[in-house]
Amino acid sequence: MKTILVLPGDGIGPEITEATLAVMQAAAKDLIQIRTMAIGEASLVSKGSTFPDKVLEAVPAADGVLLGPVSHYTYPAGQPNPSATLRTRFNLFANIRPCRSRPDLSILRKPMDLIIVRENTEGFYADRSMHMGPGEFMPDPDSAFSIRKITAAATRNVAQAACELASARSGRLTVVHKANVLKLTDGLFLREVRAIAAQHPGVTLDEVIVDAAAALLIRDPARFDVIVTTNMFGDILSDEASELSGSLGLGGSINAGEDICVGQAQHGSAPDIAGQGIANPTSLILSAAMLLDWMGRRANDAALTGAARRIEAAVDRTLDDPRTRTRDIGGMLGTAAFADAVVQAL
């Protein structure tokens with residue numbers, strides 16, 4: 001039996017986590033055991049930290065981690081962002097986000113079915129681009145600077161993950177960049193992606209500038225199958241792709257490293273609707289399915305991968321019926337009722 005460490009988070013996090021656990025336990029009740037620990041605002045009150053050391057210690061002891069949304073932008077200065085801490089502390093170098101058009105929900109004229117693989121540990125993100133101190137600074141009150149960090153090692157890691165995904169699909173891989181302007185940093189990123197792709201004979205590499213990629217996701221999404229890109233570009237493009245395919249609330253996501261994987265919804269903590277029972281739990285449910293799939297492939301456990309497929313199929317059936325959709329996408333169901341509908345569809 002595999003252990004999953006569950007960190008419910010802030011805002012709508014506890015609500016959608018409860019819904020997700022109901023689905024996971026229905027699909028894999030004899031395969032997993034759950035350990036829940038507090039992070040974020042709840043642990044700040046009880047432990048004085050948004051990410052206590054005991055939680056960090058529990059991460060590598062678990063077989064997988066499920067992370068709810070966090071309101072890190074409201075934390076007091078000096079308190080850690082659990083999401084960024086997990087990614088950097090455990091080198092979760094690949095943020096993997098599938099985006100597939102949903103019938104009656106996508107606004108696209110042509111279908112989308114792609115995966116965006118986003119570098120997860122550096123880039124323009126100020127909370128993960130320096131060994132000590134923030135990656136932003138102000139030498140005077142009217143000047144602000146941000147440091148972008150791109151390394152060969154991190155790029156090789158995410159490129160390898162993307163090539164493996166592309167090899168298992170169509171063999172088509174697109175690297176998205178802005179090397180025409182960011183000549184050194186994106187130049188380094190391109191160099192390493194090209195080198196890794198060359199080691200995979202079944203992978204054909206295409207190169208697209210980021211602004212063109214943003215337009216092509218709308219005009220010709222079939223142009224893409226697997227996309228690999230840097231941290232901020234990947235964050236923006238995957239949110240765009242999820243919204244185009246149906247809703248940001250429908251996109252699953254995992255943060256994967258060599259030995260640790262964290263399932264995490266694509267969206268934020270939505271404190272404005274917290275406690276009302278109306279949050280859409282689909283993103284976290286699909287992220288949990290991706291986590292089970294990662295665990296199953298790692299352990300060569302067909303039961304876990306089978307549970308993941310059943311959850312994904314049940315979510316598809318539930319979303320296909322307008323009567324069993326949540327309110328944000330035109331249905332009538334709340335958080336718990338949607339989870340119940342997915343369980344019934346299993």
*Report yes or no: does Ser143 contribute a side-chain atom to a donor-acceptor pair with the main-chain N or O of Asp140 at less than 3.5 Å?*
no
*Is the backbone of Ala42 close enough, under 3.5 Å, to the side chain of Ser46 for a donor and an acceptor to pair up by distance?*
yes
*asked:* What I want to check is whether the side chains of Ser83 and Gln264 have a donor and an acceptor closer together than 3.5 Å.
replied: yes
*Has Arg35 got more than 12 heavy atoms of other residues, nucleotides or ligands less than 6.0 Å from its CZ?*
no
*Verify, without hydrogens or angle tests, whether Ser129 (side chain) and Phe124 (backbone) share a donor-acceptor contact under 3.5 angstrom.*
no
*If you draw a 6.0 Å radius around CD in Glu18, do more than 12 non-hydrogen atoms from other residues or ligands fall strictly inside?*
no
*Is there a donor-acceptor pair closer than 3.5 Å between any side-chain N or O of Asn280 and the backbone N or O of Thr326?*
no
*Run the salt-bridge test on Asp104 and Arg325 with the 4.0 Å N-O cut-off and return the result as yes or no.*
yes
*Determine yes or no for a side-chain-to-main-chain donor-acceptor pair under 3.5 angstrom, with Thr121 supplying the side chain and Thr88 the backbone.*
no
*asked:* Using the rule given for salt bridge (charged side-chain N to carboxylate O under 4.0 Å, His left out), can you reason through Arg298 versus Asp293, listing the C-alpha separation, both sets of side-chain angles and the distance that settles it, and then say yes or no?
replied: CA-CA 8 Å; Arg298 178 176 171 78; Asp293 180 69; over 6 Å; no
*For residues Val117 and Asn95, determine if any side-chain heavy atom of one lies less than 4.5 Å from a side-chain heavy atom of the other.*
no
*Would you find a donor on one side and an acceptor on the other, under 3.5 Å apart, between the side chain of Ser245 and the backbone of Cys99?*
no
*Can you establish whether the number of heavy atoms outside Asp272 located under 6.0 Å from its atom CG is more than 12?*
yes
_Is a donor from one side chain sitting under 3.5 angstrom from an acceptor on the other, for Gln33 and Thr3?_
yes
*Measure the CZ-CG distance between Phe51 and Leu44 for me, rounded to the nearest 0.5 Å.*
14.0 Å
*Give, for atom CG of Leu333 and atom CD1 of Ile278, the distance between the pair rounded to the nearest 0.5 Å.*
12.5 Å
_Closer than 3.5 angstrom, by distance alone: can the side chain of His177 be matched with the main-chain N or O of Ala179 as a donor-acceptor pair?_
yes
*asked:* Check whether Thr324 reaches the backbone of Thr318 with its side chain - one donor and one acceptor, N or O, closer than 3.5 Å.
replied: yes
*Decide, yes or no, whether a salt bridge links Asp211 with Lys178 under the criterion of side-chain N to carboxylate O below 4.0 Å.*
yes
*Geometric cation-pi criterion Arg219 and Phe224, 6.0 Å radius, 45° cone*: no
*Look at the side chain of Ser106 and the backbone N and O of Gly246, then say whether any donor-acceptor pair between them is shorter than 3.5 Å.*
no
*Scan Pro271, Ser269, Ser283, Pro8 and name whichever one has a side chain to side chain contact (heavy atoms under 4.5 Å, CB included) with Pro69.*
Ser269
*Can you spot which of Arg97, Glu243, Arg118 makes a side-chain hydrogen bond (donor to acceptor under 3.5 Å, both in side chains) with Ser238?*
Arg97
*Could you verify whether a donor N or O on one side chain and an acceptor N or O on the other, from Asn81 and Tyr125, lie under 3.5 Å apart?*
no
_Checking side-chain polar atoms at under 3.5 Å, does Gln266 have a donor or acceptor matched by the opposite partner on Ser242?_
yes
*Measure the CG-CG distance between Leu237 and Leu244 for me, rounded to the nearest 0.5 Å.*
10.5 Å
_Would a single hydrophobic cluster contain both Val158 and Val226, if residues Ile, Leu, Val, Met, Phe, Trp and Tyr are joined by side-chain heavy-atom contacts under 4.5 Å?_
yes
_Check Arg148 with Glu122, please: is the shortest side-chain N to carboxylate O separation under 4.0 Å?_
no
*Check for a donor-acceptor pair, side chain of Asp186 on one end and backbone N or O of Phe189 on the other, with a separation under 3.5 Å.*
no
_Inter- and intrachain pairs under ring pair (Phe, Tyr, Trp, His ring centres under 6.0 Å), touching residues 133-171, at least two apart_ = Phe137-Phe145
_Counting only heavy atoms not in Lys47 (residues, nucleotides, ligands), do more than 12 fall under 6.0 Å from its NZ?_
no
*asked:* Salt bridge check, Arg100 against Asp316: does any charged N sit closer than 4.0 Å to a carboxylate O?
replied: yes
_Please determine whether a side-chain nitrogen of the Lys or Arg among Arg309 and Glu312 lies less than 4.0 Å from a carboxylate oxygen of the Asp or Glu._
yes
*Determine whether Leu5 and Leu291 fall in the same hydrophobic cluster, where Ile, Leu, Val, Met, Phe, Trp and Tyr are linked whenever their side-chain heavy atoms lie under 4.5 Å apart.*
no
*Would Ser101 and Asp113 count as having a side-chain donor-acceptor pair, cut-off 3.5 Å?*
no
_Is there a salt bridge (charged side-chain N to carboxylate O under 4.0 Å, His left out) between Arg102 and Asp320? Walk through the geometry before answering._
CA-CA 8 Å; Arg102 297 283 178 179; Asp320 283 346; 5.8 Å; no
